[in-house]
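A quick write-up on the structure given underneath.
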2 protein chains.
Amino acid sequence: MPKVDIAALPVNTGSGYLPPYRDAVAGRSWRAVAAAGGLTQFGANLVTLAPGGWSSQRHWHTAEDEMVVMLSGVAVLVEDGGETLLHAGDIATFKAGEPNGHHLQNRSPAPAVFVAIGTDFPAADQCHYPDIDMFWSESTGFTAKP
Amino acid sequence: MPKVDIAALPVNTGSGYLPPYRDAVAGRSWRAVAAAGGLTQFGANLVTLAPGGWSSQRHWHTAEDEMVVMLSGVAVLVEDGGETLLHAGDIATFKAGEPNGHHLQNRSPAPAVFVAIGTDFPAADQCHYPDIDMFWSESTGFTAKP
């Protein structure tokens with residue numbers, strides 16, 4: 001059955017971020033919708049941000065394209081160029097290697113729901129966090145900046 | 001600016017299908033949202049089906065994962081297992097190599113809007129159309145079944 005039975009999927013929470021950086025994403029939960037259908041060429045998570053929740057720390061990937069499709073609620077996209085509201089139907093793209101840290105914040109009193117799509121090339125990727133003393137690569141995991 | 005300026009993107013229409021198979025997709029239009037952001041690792045089109053329009057002929061890809069995120073309106077997902085309605089927020093996945101022909105039909109009186117995400121591996125891919133005498137590969141283009 002190609003239609004994803006969203007309600008049947010496990011709801012994931014948590015973060016591998018170093019403390020205290022994980023606190024900001026405590027209001028984030030997600031269902032792995034692409035993996036549920038057996039897809040391997042890209043990932044897609046259906047993400048809900050509770051009021052106050054962040055999608056991640058502001059970050060950019062060296063090797064992985066990312067895209068967000070907003071489904072409901074309102075999120076604030078924060079990136080080097082400033083802040084932009086995302087409403088249902090809005091789409092944002094984050095090209096691999098562009099050093100423009102980005103994330104979504106839910107500053108509203110209602111949940112914000114979006115689909116985050118991205119490739120998964122952990123052996124090639126590094127993740128940079130411009131605002132905090134954190135870095136990720138497959139060989140180091142989450143660590144202080146090298 | 002990571003947010004895609006959807007209204008500024010060209011609206012594409014048309015089809016390379018053989019006649020008369022292209023008639024069914026005459027009500028389909030799309031904007032290339034991932035390419036607009038410079039993404040290369042997967043494609044994403046924001047597709048509108050006018051009433052009566054089909055997303056494609058029923059097909060499956062040998063080498064390319066696909067996913068649909070429904071944004072507004074109602075579409076009928078047709079696949080080997082039958083017909084399923086897709087409403088806003090619904091997601092469907094189509095794993096590369098699964099020989100389950102699929103497409104969306106808009107049988108409603110209002111537009112149906114979705115995002116179609118997929119990889120693009122034309123050198124490896126073949127596209128099979130179980131209902132009609134048509135086939136696609138990069139070396140043959142659209143042709144009668146070999």
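All chains are named by letter (A, B, ...) in the order of the sequence lines, taking the proteins before the strands, and each is independently numbered beginning at 1.
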Which heavy atom of A/Y21 sits nearest a heavy atom of A/M134, and at what distance?
CD1-SD, 3.9 Å
Check each atom of A/D5 against the heavy atoms of chain B and say whether the ones under 4.5 Å are side chain, backbone, both or neither.
neither
Do you know which two heavy atoms are closest between A/W60 and A/G101, and how far apart they sit?
CD1-N, 3.9 Å
Would you mind reporting whether A/T93 and B/V33 have side-chain heavy atoms less than 4.5 Å apart?
no
Given B/W30 and B/R28, is the side chain to side chain contact (heavy atoms under 4.5 Å, CB included) satisfied, shown in steps?
CA-CA 7 Å; B/W30 72 94; B/R28 176 190 66 184; 3.7 Å; yes
Are any non-hydrogen side-chain atoms of B/H102 and B/H59 less than 4.5 angstrom apart?
yes
Contact summary for B/K145 and B/D133, nearest pair of heavy atoms:
N-OD1, 3.0 Å
Does anything in residues 107-128 of chain B reach chain A? List residues with heavy atoms under 4.5 Å apart, or say none.
B/V115, B/I117, B/G118, B/T119, B/F121
Work out which heavy atom in B/K95 is nearest to a heavy atom in A/G37; give both atom names and the distance.
CB-O, 4.0 Å
Identify which part of A/A63 has an atom lying under 4.5 Å from any heavy atom of chain B, answering side chain, backbone, both or neither.
backbone
Shortest non-hydrogen contact from B/L77 to B/A92?
CD2-CB, 4.3 Å
Does any heavy atom of chain B fall under 4.5 Å from the side chain of A/L39, the backbone, both, or neither of them?
both
Answer with side chain, backbone, both or neither: which region of B/V69 has an atom nearer than 4.5 Å to a non-hydrogen atom of chain A?
side chain
Please classify the contact of B/T40 with chain A as side chain, backbone, both or neither, using a heavy-atom distance under 4.5 Å.
both
Side chains of B/T143 and B/T140, donor plus acceptor under 3.5 Å:
no
Return the orientation label for the A/H103 and A/W54 ring planes: parallel under 30°, perpendicular over 60°, tilted otherwise.
perpendicular
Taking side chain as everything from C-beta outward and backbone as N, CA, C, O, which of these in B/A35 sits under 4.5 Å from a heavy atom of chain A? Side chain, backbone, both or neither.
neither
Inspect the contact between A/D131 and A/R58 and indicate whether a charged nitrogen and a carboxylate oxygen are less than 4.0 angstrom apart.
yes
Distance-only polar pair, side chains of A/E98 and A/H61, donor-acceptor under 3.5 Å
no
Where on A/I91 is there a heavy atom nearer than 4.5 Å to chain B: the side chain, the backbone, both, or neither?
both
Mind running side chain to side chain contact (heavy atoms under 4.5 Å, CB included) on B/L71 and A/L71 for me, showing each step along the way?
CA-CA 7 Å; B/L71 291 184; A/L71 291 184; 3.6 Å; yes
Which residues in residues 8-20 of chain B have any heavy atom lying under 4.5 Å from a heavy atom of chain A?
none
Per-residue contact mode, B/E79 against chain A (heavy atom under 4.5 angstrom):
side chain
